[in-house]
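Quick note: residue numbers are just sequence positions, from 1.
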Amino acid sequence: MTTLKEKLFKKRQLRVRNKLKKTAYGKMRLSVHRSSKNLYAQIIDDREGKTIAAVSTLEKKLGVIGKNNIEVAAKLGKEIANRAKKEGITEVVFDRGGFLFHGKIKALASAARENGLKL
């Protein structure tokens, strides 16, 4: 049995993804996932089904292993924007999944915007 919280999450996730499918027009998708211990962000090309760039708090060179706060989310946003620039990507659609747009998710998106990624 699923709880009400899980049902609401799935409902939000489907609503966001369906909206993105209608408005993406072939753009890459910046997908964000937040677990209790880590944050993950990846830029996905849905036409080819490939991940173009990815970043997470599990990467040793970022120096944020095991941390999961707003400052770390901003650092990940900056890093994903830099990796996207290296791949020649300037514009993406933001896929927050079923997560609410506040706190860590908002910090990641804002940092990506500030570093040149158009969301």
**Student:** What's the separation between atom CG in Leu100 and atom CD1 in Ile105, rounded to the nearest 0.5 Å?
**Tutor:**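 Taking CG in Leu100 and CD1 in Ile105, the distance rounds to 9.0 Å.
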**Student:** May I ask whether Tyr40 and Val32 are part of the same hydrophobic cluster, defined by side-chain heavy atoms of I, L, V, M, F, W, Y residues being less than 4.5 angstrom apart, directly or through others?
**Tutor:**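 Different clusters: Tyr40 never reaches Val32 through Ile, Leu, Val, Met, Phe, Trp or Tyr contacts under 4.5 Å.
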**Student:** Which value, rounded to the nearest 0.5 Å, describes the distance between Arg83 atom CZ and Ile89 atom CD1?
**Tutor:** 12.5 Å
**Student:** Less than 4.5 Å apart, side chain to side chain, heavy atoms only: is that true for Leu62 and Val72?
**Tutor:** no
**Student:** Between Ala84 and Ile43, which heavy-atom pair has the shortest distance, and what is it?
**Tutor:** CB-CD1, 3.4 Å
**Student:** Just verifying a value: how many Å separate Leu39 CG and Ile80 CD1, rounded to the nearest 0.5 Å?
**Tutor:** 12.0 Å
**Student:** Can you give me the closest heavy-atom contact between Glu59 and Val55, atom names plus distance?
**Tutor:**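 Minimum heavy-atom separation between Glu59 and Val55: OE2-CA, 3.3 Å.
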**Student:** Supply the atom-to-atom distance Leu30 CG to Gln42 CD, rounded to the nearest 0.5 angstrom.
**Tutor:**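 Here the rounded value is 9.0 Å.
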**Student:** Nearest 0.5 Å, please: how far is CD in Gln13 from CG in Asp95?
**Tutor:** 8.0 Å
**Student:** Can you name the salt bridge (charged side-chain N to carboxylate O under 4.0 Å, His left out) partners of Lys27, sequence neighbours left out?
**Tutor:** Glu91
**Student:** Search all heavy atoms of Ala112 against all heavy atoms of Ala81 and return the closest pair with its distance.
**Tutor:** O-CB, 3.8 Å
**Student:** Decide whether Leu20 and Phe99 are clustered together by the hydrophobic rule: side chain heavy atoms of Ile, Leu, Val, Met, Phe, Trp, Tyr closer than 4.5 Å, transitively.
**Tutor:**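 Hydrophobic grouping puts Leu20 apart from Phe99.
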**Student:** Give a yes or no on whether the backbone of Asn82 and the side-chain of Asn115 come within a donor-acceptor separation of less than 3.5 Å.
**Tutor:** no
**Student:** Could you pull out the closest heavy-atom pair between Ser31 and Arg17, with the gap in Å?
**Tutor:**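 Residues Ser31 and Arg17, closest heavy atoms: OG-NH2, 4.4 Å.
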**Student:** Leu58, Leu108: one ILVMFWY side-chain cluster at the under-4.5 Å cut-off?
**Tutor:** no
**Student:** Is Leu117 reachable from Val93 through a run of I, L, V, M, F, W or Y residues, each pair having side-chain heavy atoms under 4.5 Å apart?
**Tutor:**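 Val93 does not cluster with Leu117.
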**Student:** With rounding to the nearest 0.5 angstrom, report the CZ to NZ distance, Arg12 to Lys7.
**Tutor:** 14.5 Å
**Student:** Could you please spell out the steps behind the salt bridge (Lys or Arg N to Asp or Glu O under 4.0 Å) verdict for Glu87 and Lys50?
**Tutor:** CA-CA 13 Å; Glu87 295 292 330; Lys50 292 186 179 180; over 6 Å; no
**Student:** Is there a path of hydrophobic side-chain contacts, each under 4.5 Å between heavy atoms, that joins Ile70 and Leu119?
**Tutor:**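 Hydrophobic grouping puts Ile70 apart from Leu119.
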**Student:** So which pairs with a foot in residues 49-86 pass ring-ring contact (aromatic ring centres under 6.0 Å, His included), sequence neighbours left out?
**Tutor:** none
**Student:** Ala73 and Ala107: which non-hydrogen atoms are nearest, and at how many Å?
**Tutor:** CB-CB, 4.1 Å
**Student:** Are any non-hydrogen side-chain atoms of Thr90 and Lys118 less than 4.5 angstrom apart?
**Tutor:** no
**Student:** I would like to know whether Lys67 and Thr57 meet side chain to side chain contact (heavy atoms under 4.5 Å, CB included); could you show each step before the answer?
**Tutor:** CA-CA 7 Å; Lys67 295 180 182 174; Thr57 55; 6.0 Å; no
**Student:** Please name all residues satisfying side chain to side chain contact (heavy atoms under 4.5 Å, CB included) with Lys75, sequence neighbours left out, ordered by chain then number.
**Tutor:** Val64
